[in-house]
Every structure is written in C-alpha cells, then in structure tokens.
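First up is the structure itself, then whatever we jot down about it.
Quick note on labels: first sequence line is chain A, next is B, and so on, each numbered from 1.
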Amino acid sequence: MNPKPRRADDVSETLPPRLDPHEIEARLYRRWSDAGYFHVDAEAVTEAGRDSYVIMIPPPNVTSVLHMGHGLNNTIQDVLIRWRRMQGQAALWVPGTDHAGIATQNVVERQLREEGKSRQDLGRDDFEARVRDFAEETRGTILEQLKVIGCSCDWDRTYFTLDPGLSRAVREVFVRLYEKGLVYRGEYIINWCPRCLTALSNEEAETEEASGRLWHLRYPLAASAQGAAERAARAGAEAIGQLEDGRWYLTVSTTRPETMLGDTAVAVNPGDERYGKLVGADVELPLTGRTIPIVADDFVDPEFGSGMVKVTPAHDPNDFEIGQRAGLDVIDVMTQDARINENAPEAFRGMDRFEARKAVVAAFEAGGLLAGIDDHAHAVPKCYRCHTVVEPRLSEQWFVKMTPLAQPALEASRSGRVTFTPERWKKVYEHWMENIRDWCISRQLWWGHRIPVWYCDRCDETIVSRVDPTVCSACGSGDLRQDPDVLDTWFSSWLVPFSSFGWPEETEDLRAFYPGNTLTTAPEILFFWVARMIMAGYEFMGDTPFTQVYLHGTVRDSVGRKMSKSLGNGIDPLEAADLFGADALRFTLLSAAAVGTDIYLDPDDLEASFAPGRNFANKVWNAGRFALMSLGDEPVPALEEVAADLEVEDRWILSRFNHTAAAVTKELERFRLHEVSEQLYHYVWGDFADWYLELVKPRMRGYSGDASRQAARATLVVALDGICRLLHPLMPFVTTALWDKLPWPAGVDRPAELMIAQWPTDRPEADDEAAERAIGEAQELVTQIRSLRKEYGVPEGKGVTVELTSVGELLAGVLEVRGEALGRLARVDAFVLDGGHAGVGASAVLRSGTEVFLPLEGLIDLDRERERLSEEIGRLEGQMKSVKSKLENEKFVERAPADVVQRERDKADTYGEQLEKLRVKRDALESH
RNA sequence: GGGGGCUUAGCUCAGUUGGUUUAGAGCGCCUGCCUUACAAGCAGGAGGUCACUGGUUCGAAUCCAGUAGCCCCCACCA
C-alpha cells in the first residue's frame, strides 16, 4: 500500500551537504552573460513598450581595486536591478569606471618616485601613457570583481570617463557653458595642494579639527600715527600699546604668522569706535620694512580678538576680498610648493611655510613684538587625496558659475521630483544647493580631460572650441598654445547619465533610458557627484537624471574606522567571496544594511563577520537539497491537481509565502534591504525549514498515503520555486543552482532562467488565516512541550503522552489530522484530549488557554530528580549564604570598591532567582 | 557658529508612522543532542526599569520639552 520511501540518489550524489560556491558561481555567471540577459536594447523600451528601469553605477575610481564599500554599493544595485528585471521591466544597469584625475596621478607619481623619477622626467605624453597602462590594469580587475559578486550590469555599455565619446560630451559641455557665460576664468584665492601642485575644489578640501595656536603680534604704528594711537589707547583701545622704546603699536592675531610677510594692510570694522580715528593711518610692518595702511571693512568682527585684522590678500580668501574692496596691493610670498619666495625678506626665502612660521614667530619674539600665544582649536583644510594642509593661493583658474544651474536642481528636491532615502539628506542637499559656490574646475594635472582652450601668443585672443583650432580666429596666427591644465575629474562624471548614452547626439538610447530611476551611493559624494548630476541633467537634458537617491552607510572595521587601503583595514570582496561565496558576502552586507546605518566588519575575523551570510546560504542550500532529494525524479503534479488533498501545513506555508512576498516587495520599494533579508531569513529558515519540512517529512516518505504525498510534493515544488524567486535578487547563485534542478509539473510553463522568472505577485486566494492560526497554535504547543521536557530532564529519546484540556477548535483540528507529525517534533507518542491530569507532572498554559500536562511518573526517576534538585538547591544556598554574609558585613560594604560590592549584590540577586525557580520545581515534584 | 542625526540585550542593529511585541533579530554566551537535509546544524535557555528627567494620553521604546553623552554635514571668524 504505502509506496516505499524513496531516495533520489542521483540528486543526493550531485548535491554535496555543504554548499560549494566555487563549483557554481563562475559557471552560472557565464551562463547568464552568454545568454545576454544583462543586456538591454533601446528597442525593448521604444518598440516593445516595456517600462525601463535604469541605474547608473557610481563609477569606481581606477585608482585601486574594489573594497567592501563597493561590495555593499554594488550588491544593493544588483538586488534592485534583478528585482526589477523579474518584475518584467527593461532593467538596465550601466557600468563604468572613473579616471579619477588627481587620485590616479598621485598613485602613479608615487610609483615613479620609488623608481627615482618624476613625471617631468617622463614628459607629458609618456607620463599619460604610463598612467593609462596603470588605469587599464586596475580597470580590468575592477570589472572582474563586479562579476565575481554577481553584478548583472550591461557590460556592452561599459564606459570609461576618458573614452572618446564621453570626452566629446565633456568638451561640448565646457564650450556650451562658456558660451552661456557660465564658465569663466579668473584670478582668485583657491584651495591649493602644495604637494599635488594643483588647485582643488571646495569639496576636495576636507577640513579637519586641529588644536592649533593663535599668535598675537604687535605691529608698530608709523611715526605719523603716533599721536592718533596714543589718543586711541587713552580712550581705552586695549589693542593699542606702547613698546619699550616708546613707540605705539597695535595687536593683530593670526593662526598663520608666516603670512604676515605678505600683509598689505590692517583692517578694522568701520563702526568700531575704538579705532575709527586710526583708519588711514600707517603701520610699519615688522621684518619687511614695508609700510601698510589701516583700512575699514565690514568683514572685521569687532568682538573677535583685538578687533584688528592683518590683511594678506594673496593668502587668504577673505583678505583677498578686503583687498579688492580697498584697492590693496597683493603680495604673494610663497612658491607653488609653499616655500617663501623672493617677495619676502631674504632671511626667510626658501623656507617651508612651517619653518617660516617658526622663524617669523622667533623674530617677533626677539624684537619684543610677540604679545602672546593662545591655544586655538580650528578647522584646518587638507587635501582629500594626500592630506597635505591646503594653502589658500592666488591663481588663475577656470570656474563654473553654479547659482543658475542650482535653481532647477533645488526645485527638483522641493517638489519631490527627486526623493532622498533616508529623507534627512534632502535637507542637507537643499542647504548646500541654496548656498552653492562657484566650482573651480581646472586642475594643474596631466591626467584628465585637457581644457579646450587656446591662447594666441600673437594677439592674446582666448579661443574656446569644440574642435582643435589651428589658427587664431582673431588674427589668423598659428602661434596657439593650449591651456596646459585638465578638468576636475567630476566634470566628466557629472555627465554620465546622458553622456554614456551618446549625448550630445540624440540617440535612441537617450530616448529609451533617460531619465533613469535610482541612484545608489554613499553620502560622501552627495555634493561631488549626485548634486552635480542633477544640475547637469536639468541644464543639458531638461530633466533630472534619476528620481530616487538612495544613500547607504559606510563599511567600517570593528573599531569604527572607515575601511581604507591606507589604513590597511579593508576587506577585499574577492577574498570574502572566495572564502564564503558571493551569496554569503551579499547576504551578510544586505542583512547589516539597515537604511542609513553603517556596517561593521572585522577584518581580523572574517569567519565571524560573514557568518550570518554563510550560514544562511548553507541553510538555503540544504533545505533545497533535502526538498529536491525527497521529491525525486518522479513527475510532480501541479498544485491545482492536488488542491483537495492539501493538508493544513500546505495551506499554511502557501499563505505564509504570500504574506512574505507582499512584505518583501513592499520593503524593496522602500529600499529597506535589511528588512527584506530579515523577512526572507525567517521565512526560509523558520517557516520553511524548521517547520514545513519537518512536518512534511513523514508524508514525503509516503506514510500518510499517496494522495497526501503528492499534495506535499506539489506544495514543496511551489514553495521552493517561490523561495528561489524571492531570494534570487539577494543570492543569485545558490537560488539558481537549486532552481535548475527543481522538477516541474507537466503543463506548467517553466521560465528559461530563474533570473528572468516572474516576480511573485499577490495571490489573495492563497491567504489562509485559519491555517496560519492553527499552525501557530501547534507550534506553540510543540515548543512548550519541548521546553517542559528539557526543564524536567526527560531523556531526549523518550516518548511521552501529553494530556491537554481546554483545547480550542483549531488546535483540535490540527491534532486530529497532523497529531502524529506534531508528536514526532515534540517526541510525543500520543496527545490525550481532556485527560485527567493525574499523578506527578509538569504543566504549562498556552496563550489560547489550552492547558498542557506532561505526566512524569515513570519517565524520569522522581527520587533522583528530587535528590538532584535538593543537591543543587543546597549548593546554591551555600553560595547564597556566603554572599549574604559578605554583604551583611558592614566593613566589607564600606571599604570594598563599589564595583566589587555591586558584583556581590548581583550575585545575590542571581542566586535568589535561581533558587526560586528550583524550589518551584521541587515543590511541583513534592506535591505528588 | 549653523543644520541634521543617534542613545533599545555583552556586540552590531530592527521596531512599519501611540495599542497582538509578553520589546525582536543576528553574532556571542549557557545546557543537552552527530534525531539519515544541514554540527556552517537541531532543541532548550539566560540576558533589556528602551540614556536621564518631566509632560501629553485610557495607554509611550514610539509624541512634546529639557538634561547628559556620542556622531555626521556645512561654515571666511583672523
């Protein structure tokens, strides 16, 4: 009658008990790639009429191979893309890499230095070639890394920001903005890195808090101003004083004393009554022999310091502006590598700025002109690439006027056209947009897009051109010189949402894929990249490049430091994928990626760091493996065919699936990937593996008859198929490997590949509230019995009889049809309803009010158990006594350290609780 | 100086817009199990006055105010 339990040996032989990621991952990736599933044509949208879903990868820098931050970033994008693809959209993920001007140039220059060479030794062309080689190699590695973690990018569209197409777009944009008056050239104070020898944008100068000093310097007033100074001092101007030689001086303060060598004025606030009379007076600038005026300027805060400010137009942006307003001289006293130059007194020439600082202070001190030094915490700007202290420097650079560009981009956020997740970034974005400053785009580097500007040596004409000019457009001369500088690397990446689709041509791709949808990145580049892309989108395409900005957290090490190559605390995604598999890596990152929170991984303990993902991947594998083995290769019926034979657990798992699918879909829409992974974890591990598979085991072996077995088989196939689909975006490899082996009912269409199988949609008919409540009660019953068994020391293997009273209808129903299966899970031989509760036993009450009684007589040696309990109670009482006596000892309590006393008190509490529990148990045994 | 955020179990974090959550998860910890899918596992368990104070409410981890500590972003105070 009962068919023999069958084992599908063919499956069990090919499926090892431990998931071996190496065996499947590379093979499956190649299969997907070869089949062309990653590629999306414009026709899929324009002709087939499908909705497009487009993600632009944040192009990794070719500076170095990917780290775990990229792992997280790209895993998230792949989840979104795979999910949308399964939903039937034309899901396009455009990959690319960024030439990363300053960063890459630095790396190669460092290599050269180790060889004892400089870029000048090589010359511009050879140097560029060398960087190109380096970039090409890293680029290749990066793209391989993305493939290893499973990224389903459209590789046919891979771009590099220096490609001819993208370069053409860069040039077009520069010229257009120039023609519109939005690109201009000018001499301003910019952030200068004296090590990289280039200008930096404001965003590239990162401020770090530093505990510096504030030096107070005395500047003697000129002979002509002595009288005015004396009167001011008499009137209470505390910054005015008298030197030993009788001359009057004023006091200024500075954090950079060396800049005084380039001072051309002292400024006071025009409304400052203390110094009003001194405006126009002359000051003898120490060390230099120069005489400089006192000027009035609103910028000066009368409350700060002495209310008098030294003005160095060539070395401070504010001073530069004061100088402009007052028509002051500009004296640049530093070379480009921040040494004192020939404009300064000979004694200081050639000194590094920090040496010069010391020397200047020493000279002031020697001259009795040092009024004092205070500690002073302030923000020091540093180069974001080499951390050298940035020097404000006067130089001629190219800028983009940003205010006009910012307007539509700001409006996009305010109107909700562009949304931010987490929402708090919306305010940050808007605040920045509202206070946007012009963008310095020229860099004194060799690696990047050359600025398309030529200067005529004959007539001084400036030519900005889409094509390289050969003769001057003004005088016809051929003596043209191209601007030696290159553009900021972000000047190419802010265009990729359209330049990667062939802009400025009006391409089919642009029509199909612009605007895109979701931009996923770390908050660090919100201003560098995200905001600028939105601005460029509106300026050149008339629309935003994407409508959702999702900003995820940072990957940090176990002590909270950002993972970085320089700190050596990074984790190579390849290493993690190699050790645990790409699925495990992905799931670990996703399950830790609660919206907006950082992720902590320990580079010194990869096992522990990736355990969640690895364990879960293995669980999925084994649950699937077991299901496949027990299904065998015999034909499987469709669910509809066995509808009448479904057991309560079948209806339960299908209902649970429907709820899980709905929740997962909803959470994906909100980028709540942590919740997505948690939902799936509990469904797969908790519901499916721990309960459904266990309940269904006897049926799969045919113990409940063939109809029941076929119903279980059909349900199992549907459930496993659903799990593979829901889990696929997160863990594409293991799900595909299982799904490939899944038997399929005849007459039901089977998709060609899991990765393009349809995403589960809501099936309200699958919801079964009764089944969920019934199994819920059954689970509680089983758990309670297990707990009681354990607590009372019933031996593992021993079967028991359990008596139940006040059993509800639902539970009674389940017990009637599935009592045996439930009994197996709790090691219960028989459930007796409305039993007498006679004899010695343990009891519990379920939430529904059902009472559970577990008779213990004959099951455990009551005398021994009593004895054991007494012993344990005795032991605890002894320990309790010694603790109590300690605590009752006044001297101990008074003299022992507080934490030691507290520990004793905690002990007393713990023992007390334990004793209480043991006594209750003992009483339960004694009372019979 | 401005703006934003955080504080929940030993650690890292959830908690769906005040009420089925008796505040959850993973890792770690304790106890017992190699039960023929999985020891990367199974079963059971310990551990939290939800930073503090006050308020609103029938009801607060959740809303409001204040206090303390931590973090991030922006900023030209010499």
For RNA chain B, list all stems, counting runs of three or more consecutive pairs where every pair is Watson-Crick or G-U wobble with both distances under 3.5 Å.
->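 Result, WC/G-U stems under 3.5 Å: B:1-7 with B:68-74, B:10-13 with B:24-27, B:29-33 with B:41-45, B:51-55 with B:63-67.
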Which value, in whole Å, describes the distance between the [atom1] atoms of nucleotides [N] and [M]?
| N | M | atom1 | result |
| --- | --- | --- | --- |
| B/G24 | B/G66 | C1' | 30 Å |
| B/A68 | B/U56 | P | 23 Å |
| B/A23 | B/U62 | P | 14 Å |
| B/A9 | B/U49 | P | 9 Å |
| B/U8 | B/G15 | P | 14 Å |

Using a cut-off of under 3.5 Å, enumerate the N/O to N/O pairs linking the protein to nucleotides 15-26 of chain B.
| from | atom 1 | to | atom 2 | distance (Å) |
| --- | --- | --- | --- | --- |
| B/U22 | O4 | A/Arg847 | NE | 3.1 |

Pairing residues for A/Glu678 by the salt bridge (charged side-chain N to carboxylate O under 4.0 Å, His left out) criterion, not counting sequence neighbours =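 Testing A/Glu678 for salt bridge (charged side-chain N to carboxylate O under 4.0 Å, His left out), a comparison that skips the adjacent residues, returns none.
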Side-chain N or O of [X] closer than 4.0 Å to phosphate OP1/OP2 of [N]:
| X | N | result |
| --- | --- | --- |
| A/Arg786 | B/G44 | yes |
| A/Lys427 | B/G2 | no |
| A/Ser787 | B/G45 | yes |

Does NZ or CZ of A/Lys697 come closer than 6.0 Å to the centre of the six-membered ring of A/Phe626, within 45° of the ring's axis?
->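 Verdict for A/Phe626: a cation-pi partner in A/Lys697.
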Anything under 30° is parallel, anything over 60° is perpendicular, the rest tilted; go ahead and classify A/Phe616 against A/Phe587.
->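 Judged by the thresholds at 30° and 60°, the geometry between A/Phe616 and A/Phe587 is tilted.
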Report the residue (A/Gly624 or A/Ala592) whose heavy-atom-nearest nucleotide on RNA chain B is the more 5′ of the two.
->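 Upstream on the strand: A/Ala592.
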Report the residue (A/Arg827 or A/Glu791) whose heavy-atom-nearest nucleotide on RNA chain B is the more 5′ of the two.
->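 Its nearest nucleotide being more 5', the pick is A/Arg827.
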Establish, yes or no, whether a centroid distance under 6.0 Å links the rings of A/Tyr429 and A/Trp425.
->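 No - the distance between ring centres of A/Tyr429 and A/Trp425 does not fall below the 6.0 Å cut-off.
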Please enumerate all residues that pass side chain to side chain donor-acceptor pair (under 3.5 Å) together with [X], with sequence neighbours excluded.
| X | result |
| --- | --- |
| A/Arg773 | none |
| A/Glu434 | A/Arg414 |
| A/Thr850 | A/Ser848 |

Taking any heavy-atom pair under 4.0 Å as a contact, classify [X]: base, sugar-phosphate, or nothing.
| X | result |
| --- | --- |
| A/Ala689 | base |
| A/Trp685 | sugar-phosphate |
| A/Glu694 | base |
| A/Lys426 | nothing |

For the side chain of A/Asn618, counting heavy atoms from C-beta on, which of B/C38, B/U35, B/U12 is nearest?
->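 Of B/C38, B/U35, B/U12, B/C38 is nearest to the side chain of A/Asn618.
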Between [N] atom [atom2] and [X] atom [atom1], what is the distance in whole Å?
| X | N | atom1 | atom2 | result |
| --- | --- | --- | --- | --- |
| A/Arg625 | B/A40 | CZ | C1' | 13 Å |
| A/Ile599 | B/C27 | CD1 | C1' | 15 Å |
| A/Tyr792 | B/G44 | OH | P | 17 Å |

Between the protein and nucleotides 28-34 of chain B, list every N/O to N/O distance that falls short of 3.5 Å.
| from | atom 1 | to | atom 2 | distance (Å) |
| --- | --- | --- | --- | --- |
| B/U31 | O2 | A/Lys790 | NZ | 3.3 |

Can you list the steps and then say if A/Lys666 with A/Glu669 is a salt bridge (Lys or Arg N to Asp or Glu O under 4.0 Å)?
-> CA-CA 5 Å; A/Lys666 194 175 124 206; A/Glu669 280 161 3; over 6 Å; no
Have A/Asp263 and A/Tyr219 got a donor and an acceptor in their side chains that come within less than 3.5 Å?
->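 A pair is found: one side chain offers a donor N or O, the other an acceptor, under 3.5 Å apart.
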Could you list the donor-acceptor pairs under 3.5 angstrom formed between side-chain atoms of residues 686-693 of chain A and any protein atom two or more places apart in sequence or on another chain?
| from | atom 1 | to | atom 2 | distance (Å) |
| --- | --- | --- | --- | --- |
| A/Asp687 | OD2 | A/Arg656 | NE | 2.7 |
| A/Asp687 | OD2 | A/Arg656 | NH2 | 2.9 |
| A/Tyr692 | OH | A/Asp650 | OD1 | 2.6 |

List in chain and number order the residues that pass side-chain contact (heavy atoms from CB on, under 4.5 Å) with A/Thr421, two or more places apart in sequence or in another chain; answer none if no residue qualifies.
->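 Here the qualifying residues are A/Tyr550, A/Val595, A/Phe671.
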Taking only residues two or more places apart in sequence, or in another chain, which ones meet A/Ala826 in a side-chain contact (heavy atoms from CB on, under 4.5 Å)?
->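 Expected list: A/Val782, A/Ile785, A/Val828.
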Once each nucleotide of nucleotides 73-78 of chain B is scored for protein heavy atoms under 4.0 Å, what B/S/- sequence comes out, 5' to 3'?
-> SSBBBB
Where at least one partner belongs to residues 251-260 of chain A, residue pairs that pass salt bridge (Lys or Arg N to Asp or Glu O under 4.0 Å), sequence neighbours excluded =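 Non-adjacent pairs meeting salt bridge (Lys or Arg N to Asp or Glu O under 4.0 Å): A/Arg256-A/Asp316, A/Arg256-A/Glu391, A/Glu258-A/Arg357.
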